[in-house]
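Indexing begins at 1, ligand by ligand and atom by atom, following the structure's order.
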Amino acid sequence: MQKLRTIKGTHDILPWNIYKWQTIESVLRKVFASYTCKEVRTPVFERTKLFSRGVGEFSDIVSKEMYSFEDKGGDSLTLRPELTASVARSYIQHNYQQESSLHKLWYFGPLFRQERPQAGRQRQFHQYGIELIGSPYPEADAEAINIACSVYRKLGLKNWELHINSIGSIEARKIYMNVLRDSLHDHKSELCETCQTRYEGNILRLFDCKNPGCQDIMKKHAPSILDHLSVEDKDHFDQVKRLLDAAGIDYIVDSTLVRGLDYYTRTTFEIKGTALGAQDALCGGGRYDKLISDLDGPETPAVGFAAGVERLILAMEAEELFDTDRSSVDLYIAPMDIACLEGITPVVHNLREKGFHVHLELMRRSVKAMMRDANRQNARWVAVVGEQELQSGNLKLKNMQENIQQETSLNEIENILTK
Ligand code: HAM
């Protein structure tokens with residue numbers, strides 16, 4: 001019989017590791033609040049059409065990686081592979097534009113892509129991200145990039161670099177793609193099979209090919225997209241760069257950064273973890289001025305990013321940025337027997353009501369075993385409760401970290417715990 005285990009490419013987040021996630025989540029909330037962004041939560045599954053239209057038929061995500069299924073009513077549904085299309089759908093469905101002309105949104109949640117699992121690549125993974133919806137201006141692009149960088153700075157991460165590019169407006173890009181096709185025409189037969197297909201479909205994806213032969217051809221023969229931007233596109237990109245300079249953010253302009261999703265216009269960016277292996281993209285994003293109208297919503301410019309949480313954890317572990325799991329046990333109650341447990345129950349109840357973290361023994365262990373467990377849990381204070389303590393109304397509280405003991409009445413425990 002097959003053992004019941006997690007599905008390939010999915011992972012349990014274990015209770016002894018959850019503090020890493022919670023550390024990150026609490027920093028995210030603070031950073032997003034400092035930029036006055038609001039959280040949005042959308043369902044984990046949506047109509048397949050949303051992603052095929054939104055992310056694009058030619059993208060790897062839609063053509064190869066989606067978990068799609070038919071429900072009992074015959075509708076094709078998909079576990080969300082990314083969140084930008086879902087947020088755009090929500091924006092359109094609930095007429096966000098009537099509430100305000102600008103929405104600064106953030107999200108955090110699981111995503112699903114059927115990719116080959118490896119370090120830093122799962123089939124269920126988690127992203128946090130930002131979507132700034134409503135502004136066509138470069139200050140919104142710079143703000144999105146700023147937020148992405150703020151998170152890494154606040155977490156103390158050192159080994160990362162920001163890459164930026166502009167892939168122009170749709171019109172400029174069409175012209176550039178023809179120029180690119182012409183430049184590569186004589187070398188088409190030397191390209192790998194995938195690139196030959198992409199040559200006709202989405203030729204920009206040739207920049208993403210890992211095949212050394214294709215990379216060599218691109219290096220030698222592909223003109224830079226930055227030389228084919230319209231004046232407006234170029235001004236937009238220049239202003240983004242000036243705003244990043246003003247914020248003191250270092251960046252590398254990389255004209256080959258085209259991104260694998262079809263909805264981008266103008267600015268694209270990625271943050272790479274320089275100490276990570278093959279899966280080094282910590283964060284990716286860009287402007288997508290046509291997505292909302294392509295999904296039948298009003299013409300609405302937008303820019304955003306999403307970042308992988310598992311990759312961030314790997315990067316933080318590599319830089320030893322996590323503290324050890326700090327105990328959240330304020331008081332460990334070690335009753336000598338069930339009668340003593342019963343006797344101390346009203347006190348425990350009262351302390352918990354006041355918000356203290358109190359552990360009460362549930363295993364009827366010996367005092368010695370309870371002391372060992374209190375140590376393992378890193379409890380701040382321990383109180384052994386026997387008949388004598390209950391009768392006298394006085395407890396001996398032992399501070400496990402400082403190795404001191406303090407006597408207190410049952411009513412005064414609270415004062416010691418707050419110190
Ligand atoms: P993406 O580049 O597909 O963009 O994903 C963003 C980030 O999610 C990646 O940089 C990586 O850290 C993480 N990630 C992606 N796939 C996996 C995986 N299989 N396992 C682990 N981590 C992964 C988007 O999703 C766009 N929606 C970003 C965006 C938001 N653009 C505008 N707004």
Check: Which of the atoms of ligand 1 are close to Gly285, meaning less than 4.0 Å from one of its heavy atoms?
Finding: 31 (N)
Item checked: Residue from Phe108, Trp106, Tyr107 passing ring pair (Phe, Tyr, Trp, His ring centres under 6.0 Å) with Phe32 -> Trp106
Note to self: What I want to check is whether the side chains of Glu319 and Asn159 have a donor and an acceptor closer together than 3.5 Å.
What the structure shows: yes
Check: Tell me: protein heavy atom nearest atom 32 (C) of ligand 1, and distance?
Finding: Gly304 O, 3.3 Å
Margin query: Counting only heavy atoms from other residues, nucleotides and ligands, does the tally under 6.0 Å from CG of Asn415 exceed 12?
Written below: yes
Next item on the list: Would you kindly say whether Tyr96 and Thr300 are connected by a side-chain donor-acceptor distance under 3.5 Å?
Entry: no
Note to self: Side chain, backbone, both or neither: which applies to Arg259 and ligand 1 if a contact is any heavy-atom pair less than 4.0 Å apart?
What the structure shows: side chain
Note to self: With a sphere of 6.0 Å drawn around OH of Tyr137, does it hold more than 12 non-hydrogen atoms of other residues, nucleotides or ligands?
What the structure shows: no
Notebook entry, point to check: Starting from atom 8 (O) of ligand 1, which protein heavy atom do you reach first, and at what distance in Å?
Noted result: Gln127 NE2, 3.0 Å
Margin query: I'd like to know if the side chain of Asp233 pairs up with that of Ser169 as donor and acceptor (distance under 3.5 Å, no hydrogens or angles considered).
Written below: yes
Next item on the list: Determine the sole option in Leu132, Ile130, Ile133 for which the side-chain contact (heavy atoms from CB on, under 4.5 Å) test with Leu105 is passed.
Entry: Ile133
Note to self: Counting non-hydrogen protein atoms only, what is the nearest one to atom 28 (C) of ligand 1? Give residue, atom name and distance.
What the structure shows: Gly284 O, 3.4 Å
Check: Which residue supplies the protein heavy atom nearest to atom 20 (N) of ligand 1, what is that atom called, and how far is it?
Finding: Gln122 N, 3.0 Å
Next item on the list: Would you mind telling me if ligand 1 is within reach of the side chain of Glu131, the backbone, both or neither, using heavy atoms under 4.0 Å?
Entry: side chain
Item checked: Close-contact set for ligand 1 against Cys283 heavy atoms, below 4.0 Å -> 10 (O)
Checklist line | Proximity to ligand 1 by part of Phe305, non-hydrogen separation under 4.0 Å | finding: backbone
Next item on the list: Determine yes or no for a side-chain-to-main-chain donor-acceptor pair under 3.5 angstrom, with Arg311 supplying the side chain and Gly120 the backbone.
Entry: yes
Notebook entry, point to check: For atom 21 (C) of ligand 1, what is the nearest protein heavy atom, given as residue, atom name and distance?
Noted result: Gly120 O, 3.4 Å
Next item on the list: Report the part of Leu282 (side chain from C-beta onward, or backbone N, CA, C, O) that has a heavy atom under 4.0 Å from ligand 1; answer both or neither where that applies.
Entry: backbone
Next item on the list: Decide whether Lys104 and Thr36 meet the rule of one side-chain donor and one side-chain acceptor closer than 3.5 Å.
Entry: yes
Checklist line | For ligand 1, the portion of Arg113 having any non-hydrogen atom under 4.0 Å away | finding: side chain
Check: Quick one: which ligand 1 atoms are inside 4.0 Å of a heavy atom on Glu82?
Finding: 25 (O), 26 (C), 27 (N)
Check: Do Lys154 and Leu28 touch side chain to side chain, with heavy atoms closer than 4.5 Å?
Finding: no
Next item on the list: Check ligand 1 against Ala306 and write out every atom of the ligand that is under 4.0 Å from a heavy-atom position of the residue.
Entry: 6 (C), 7 (C), 28 (C), 29 (C), 30 (C)
Margin query: Using a 4.0 Å cutoff against the non-hydrogen atoms of Thr84, which atoms of ligand 1 qualify?
Written below: 26 (C), 27 (N), 29 (C), 30 (C), 31 (N), 32 (C), 33 (N)
Checklist line | Over 12 non-hydrogen atoms of neighbours within 6.0 angstrom of NE2 in His349 | finding: no
Notebook entry, point to check: Is it the side chain (CB and beyond), the backbone, both or neither of Tyr263 that lies under 4.0 Å from ligand 1, heavy atoms counted?
Noted result: side chain
Note to self: Show the atoms of ligand 1 that are less than 4.0 angstrom away from any heavy atom in Ala281.
What the structure shows: 9 (C), 10 (O), 11 (C), 12 (O)
Next item on the list: State the atoms of ligand 1, each with its element, that fall below the 4.0 Å cut-off from a heavy-atom position in Glu115.
Entry: 16 (N), 18 (C), 19 (N)
Checklist line | Numbered atoms of ligand 1 (with element) below 4.0 Å of Tyr107, judged on heavy atoms | finding: 30 (C)
